[in-house]
Amino acid sequence: MLLSPFMAVAQTNGSVPVGASITATDDSPSCGFLLLLPFSTNGQAYKNVSLGKSLTAASGDLPWTSPSGEFAFGFQQVGDAGYLLAIWFNKIPERTIVWSANRNNLTQRGSTVQLTADGQLVLNDQSGTRIWTTPYLGGSRAAYGAMLDTGNFVLAGQAGANLWQSFDQPTDTLLPTQNLNSGAQLIAPYREKNYSDGRFKLILQRDGNLVMYVTAYPLTASNAYWSTGSSIGSGYQLIFNQSGYMYLVASNGTILNQVFSNPVSLQDLYLRATIDYDGVFRQYVYPKTASGGKNWAMNWTTLPKSIPSNICLEISFPLGSGACGFNSYCKIGDDQRPSCRCPPGYTFLDQNDVRKGCKQNFISQDCGHPSQETDSFEIQDMLNTNFPHTDYEIFTSVDEDWCRQSCLSDCYCAVATFMDRTCWKKRGPLSNGVTDTGISDKALMKVRKGNRTEELAQKKSAKKSDQSALIISGSVLLGSSIFLNILYVFFTNRKKQKVITQHHAMRDMNLQNFTYNELETATGGFDEELGIMYLHKKA
Ligand SMILES: *[C@@H]1O[C@H](CO)[C@@H](O)[C@H](O)[C@H]1NC(C)=O
Ligand SMILES: *[C@@H]1O[C@H](CO)[C@@H](O)[C@H](O)[C@H]1NC(C)=O
Ligand SMILES: *[C@@H]1O[C@H](CO)[C@@H](O)[C@H](O)[C@H]1NC(C)=O
Ligand SMILES: *[C@@H]1O[C@H](CO)[C@@H](O)[C@H](O)[C@H]1NC(C)=O
Ligand SMILES: *[C@@H]1O[C@H](CO)[C@@H](O)[C@H](O)[C@H]1NC(C)=O
Ligand SMILES: *[C@@H]1O[C@H](CO)[C@@H](O)[C@H](O)[C@H]1NC(C)=O
Ligand SMILES: *[C@@H]1O[C@H](CO)[C@@H](O)[C@H](O)[C@H]1NC(C)=O
């Protein structure tokens, strides 16, 4: 039966926090809010939205629901910030949003959405200013609108043809039967409970390559960190079919790449594929009923395979901060999600937005008197850690103690990494920081001595979270490395191995080449935006 492949996953991941990023309401939805959005508005009247109909935010208007009541179209409140014109799963307490019209421009109480007499959907804010509208539909005029059971809101012509559909303007989520067409993209939300355009996107480029980019928030796309590759740069459409499979097809229908191949019974489970605020593209399921869910928790659970498989390692470029902000490092946690952390001596710039990075919380070494200052600094070790692309000096055939002393007595050195009798000195701001058992470097963080209270507090909180890493890394050092390496090779796809090999073989020898190769690998050398970067770098 269809469910069996996932039972183990559901059981082991039962406590994993999932879906948090897409939850529209606060942790505890208020009663008032629930009253506004009843579980099943099975109102016949709402199945077909006729011209002239409108909804007003926070007025008690019932949203326009699909015939089954599983999806609804209307206003969702986003904390105290305002209202989002959205489509959401309407039968689950989380009211998870799958589409929105005004994610970068929330409206306030009293704003309205109307299906106008001339057949356009128009969102006006409380003062009547137009915030968003469906595009001009040429000569054809919509005769009615409808929220469909697939989660698609459509504007249909007199003859029933779809003139516009929300499925063609995705935000961060795809639903089964929703395909991503050439040129279309998904943009991750900014962070948990903030639906604004975020730092990552997935785009089916017009050159046929399906690519994920860091968006260099708040401007444009820059670095590609995942792609289907150059060998299949002929993708025409990304298909998400009714069995839960997602694949890239050529215009002749040939399957070029299986993105997700988790068979899911849509009778029992809700399914969505979302690019989360952490930049990872994941599939989630939620049981429709407690009995239908069988072994599933009544919550969003991730299905096997996330894209990319380890974002902490995949985002590593000469420009940009990496998967986390500057001066921080990324680590895949026990929940299989990337988390951003600060190294010893550093604290978050913004506790509420950890991806903004970390700041040094001690006074830097005085370059005027480096020798006197050396005693004021110490090294704190971070196993299995590196900060690629921040090197300014390399020394071979040295030992670890030499590396420590060299960094301590060099005011430019923020951290040194040591591996295989080689010492790399690195400057700030630190970028691409990552802790992973696949990394054999040891990072030697230089911090000022003496702020003991601060230090102790940090150690205490760091100890808990890093304990597992230390145990694992310890066992690697103590001889099980062959076994782990085999496991690693086994679970790692070819592309990733290639990237890692490059990290070690080419690091510091030829940065320019490395960049070029990595970008080329990632994008297949087909992307126009990157083409500009090549020229820029070469110049
Ligand atoms: C579902 O997951 C979220 C995120 O981890 C958690 O906050 C919530 O309590 C969970 N809900 C249930 C019913 O377990
Ligand atoms: C929706 O409205 C259109 C136009 O009035 C009509 O042709 C169609 O039959 C209606 N559909 C349903 C399901 O009521
Ligand atoms: C979401 O984050 C963006 C970027 O920091 C910010 O401009 C916006 O105000 C935030 N929105 C909410 C609702 O907090
Ligand atoms: C948001 O809407 C207001 C009108 O309420 C408009 O003046 C403003 O330019 C919009 N901002 C964005 C970012 O679209
Ligand atoms: C979905 O795609 C998979 C893989 O290509 C295929 O085996 C399955 O039959 C498809 N399901 C439907 C309903 O088309
Ligand atoms: C379909 O298109 C792909 C990619 O362009 C090509 O490799 C393949 O040969 C084509 N298949 C057929 C049957 O035309
Ligand atoms: C110690 O760290 C705290 C927290 O960052 C800071 O407020 C304080 O000024 C530091 N003290 C010294 C002597 O640097």
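Whatever order the structure lists ligands and atoms in, that order sets their numbers, starting from 1.
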Report task. Mark the output for Ile255 as yes if a heavy-atom distance to ligand 5 is under 4.0 Å, and as no if none is. Result ->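 So Ile255 counts as touching ligand 5.
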Have [X] and [Y] got a donor and an acceptor in their side chains that come within less than 3.5 Å?
X      : Y      : value
Asn152 : Ser166 : yes
Thr435 : Thr385 : yes
Asp353 : Tyr190 : yes
Asp172 : Thr274 : no

Query raised in the report: Is there at least one protein heavy-atom neighbour under 4.0 Å from atom 11 (N) of ligand 5?
Result: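 Protein heavy atoms within 4.0 Å of atom 11 (N) of ligand 5 - there is at least one.
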Query raised in the report: If you measure every N/O of Asn194 against every N/O of ligand 3, is any gap under 3.5 Å?
Result: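 Between Asn194 and ligand 3, an N or O pair is found under 3.5 Å apart.
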**Report entry** Min N/O separation Ser243 to ligand 5 under 3.5 Å
**Finding:**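 Yes.
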Requested in this report: Return yes or no for this condition: an N or O of Asn241 is under 3.5 Å from an N or O of ligand 5.
Outcome: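 By distance alone, the answer is yes.
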Query - Atoms in ligand 5 flagged as close to Gln258, the criterion being non-hydrogen separation under 4.0 Å - result: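 With Gln258 as reference, the close atoms of ligand 5 come out as 4 (C), 5 (O).
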Query raised in the report: Which ligand 5 atoms are under 4.0 Å away from a heavy-atom of Tyr247?
Result: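 Matching atoms, with element in brackets: 2 (O), 5 (O).
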Requested in this report: Would you mind checking which non-hydrogen protein atom is closest to atom 4 (C) of ligand 6, with the distance to 0.1 Å?
Outcome: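 Here the closest protein heavy atom is Ser234 OG, 3.5 Å.
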Query raised in the report: What residue and atom, counting heavy atoms only, is the protein's closest point to atom 6 (C) of ligand 6, and at what distance?
Result: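 The protein heavy atom lying closest is Asn252 ND2, 4.2 Å.
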Report task. Heavy-atom contacts with Ala81 under 4.0 Å: which atoms of ligand 3 show up? List them by number with element. Result ->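 Near Ala81, meaning under 4.0 Å from one of its heavy atoms, ligand 3 has 13 (C).
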Query raised in the report: Near Ser196, which atoms of ligand 3 are under 4.0 Å from a heavy atom of that residue?
Result: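 What qualifies from ligand 3 is 1 (C).
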Requested in this report: Kindly confirm or rule out a cation-pi arrangement of Arg272 over Tyr284, judged by NZ or CZ under 6.0 Å from the six-membered ring centre and within 45° of its axis?
Outcome: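 Yes, Arg272 and Tyr284 form such a contact.
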Query - SG-SG under 2.5 Å, Cys324 vs Cys340 - result: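 With an SG-SG separation under 2.5 Å, Cys324 and Cys340 do form a disulfide.
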Report task. Would you name the heavy atoms of Trp64 and Val113 that are closest together and state the gap between them? Result ->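 In this case the closest contact between Trp64 and Val113 is CH2-O, 4.4 Å.
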Query raised in the report: What do you reckon, are the aromatic ring centroids of Tyr225 and Tyr213 less than 6.0 Å apart?
Result: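 Centroid separation for Tyr225 and Tyr213: 6.0 Å or greater.
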